Amino acid sequence: MDAEEMFSAGRELEDRGRVEDLPAIEEWYRKAAAAGSAEAMGRLGLLLEGRTRARMEDRLVYSGDFMEAARWYRQAVSAGDSWAAFALGRLYSDKLDDWATAEVWYRRAAADGRWQAEERLKEGPPGAVRRQREDAMFDQSASDQPRPNAGTAAAGSSCLMIVVLVSVLPMLALLLSFNPL
C-alpha cells in the first residue's frame with residue numbers, strides 16, 4: 001500500500017466515529033505519515049492532541065499528548081500542509097497558553113489563505129483567554145465519561161446553548177448595570 005491508501009484506510013475508520021477504532025486509526029496514520037503523507041501527519045496530530053476522541057465522544061473538553069501532537073503538526077507543515085500550521089497555532093494558544101508562538105503559526109497559516117488563522121489573529125490573546133476560560137468551565141462540569149446522550153442532536157444543542165450563554169450573559173449584565181442618569 002502507498003501512503004495515500006494507508007491514509008484513506010485510517011480516515012475511513014475515523015469517519016465511522018467509533019472510539020474502539022482509535023488504535024487502528026493511529027496505526028494507519030503512523031504508517032501513512034512514515035510514508036510521507038502530510039495529511040496523515042496532521043490527522044495524527046489531531047488524534048494525539050485528543051480532539052479526535054473528544055469529537056467521537058461528543059465532548060468539548062479534551063486532553064492528550066500535546067508535545068507529540070505539536071511534533072506531528074510541525075512535520076505536516078514541513079511537508080506542505082498549511083492547515084497543520086493553523087492547528088499548531090490553535091494548540092499553542094488554546095492548550096499551551098503561549099500566544100507568541102501561536103501567533104507565528106497563525107501568521108504562517110493566514111499567509112497560505114487559512115481564514116481560521118486570520119480570525120484567530122483578529123481575536124488576539126483575549127480570544128485565547130476566552131476560549132481557555134470556557135474550557136475551564138466545561139472542565140469543572142464535565143467528566144471523562146461520555147454523556148448518555150452523546151451523538152444526538154440534543155447533545156449538540158446543549159453545548160451550543162452553553163456557549164451562547166457564556167458569550168451573552170456578561171454583555172447582558174453590563175447592559176443592565178449601565179445607568180445613564
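Remember, predicted model here, so these are calculated numbers, not experimental data. One is the number of the first residue; the rest follow in order along the sequence.
Within the structure, no pair that satisfies the ring-ring contact (aromatic ring centres under 6.0 Å, His included) test touches residues 32-60, not counting sequence neighbours.
A search for side-chain contact (heavy atoms from CB on, under 4.5 Å) contacts involving Ala79 returns Ala38, Met41, not counting sequence neighbours. By the side-chain contact (heavy atoms from CB on, under 4.5 Å) test, Ala109 is found to be paired with Ala85, Phe86, Arg114, Ala117, residues two or more places apart in sequence or in another chain being considered. Partners of Arg43 according to the side-chain hydrogen bond (donor to acceptor under 3.5 Å, both in side chains) rule, which considers only residues two or more places apart in sequence or in another chain, are Glu14. The ring pair (Phe, Tyr, Trp, His ring centres under 6.0 Å) search around Tyr29 returns Phe7, not counting sequence neighbours. With sequence neighbours left out, Asp2 forms a side-chain contact (heavy atoms from CB on, under 4.5 Å) with Glu4, Glu5. Scored by the salt bridge (Lys or Arg N to Asp or Glu O under 4.0 Å) test, Arg51 finds Glu49 as partners (sequence neighbours excluded). Evaluation of the side-chain hydrogen bond (donor to acceptor under 3.5 Å, both in side chains) rule for Thr101 yields Asp98 as partners, not counting sequence neighbours. The side-chain hydrogen bond (donor to acceptor under 3.5 Å, both in side chains) test applied to Gln116 returns no partner, not counting sequence neighbours. Applying the side-chain hydrogen bond (donor to acceptor under 3.5 Å, both in side chains) rule to Arg30 yields the partners Glu26, Glu68; only residues at least two apart in sequence or on another chain are considered. Taking Arg18 as the reference, Arg16, Glu20, Asp21 meet the side-chain contact (heavy atoms from CB on, under 4.5 Å) condition, with sequence neighbours excluded. Applying the ring pair (Phe, Tyr, Trp, His ring centres under 6.0 Å) test to Trp83 and every residue at least two apart in sequence or in another chain returns nothing.
The pair Arg108-Asp112 does not meet the salt-bridge criterion, since no charged nitrogen lies less than 4.0 angstrom from a carboxylate oxygen. Contact check on Glu103 versus Arg107 returns a salt bridge, with a Lys/Arg side-chain nitrogen under 4.0 Å from an Asp/Glu carboxylate oxygen. Look at Arg74 and Asp81 and you find no salt bridge, because none of the NZ, NE, NH1 or NH2 atoms lies under 4.0 Å from a carboxylate O.
Shown here for Phe66 and Leu91, the closest heavy-atom pair between the two residues is O-CD2, 3.5 Å.
The cationic atom of Lys122 (NZ for Lys, CZ for Arg) does not lie both less than 6.0 Å from the six-membered ring centre of Tyr106 and within 45° of the ring axis.
Using a 4.5 Å heavy-atom threshold, the side chains of Leu47 and Arg53 count as separate.
No path of Ile, Leu, Val, Met, Phe, Trp and Tyr side chains, each step under 4.5 Å between heavy atoms, connects Val104 with Trp72, placing them in separate hydrophobic clusters.
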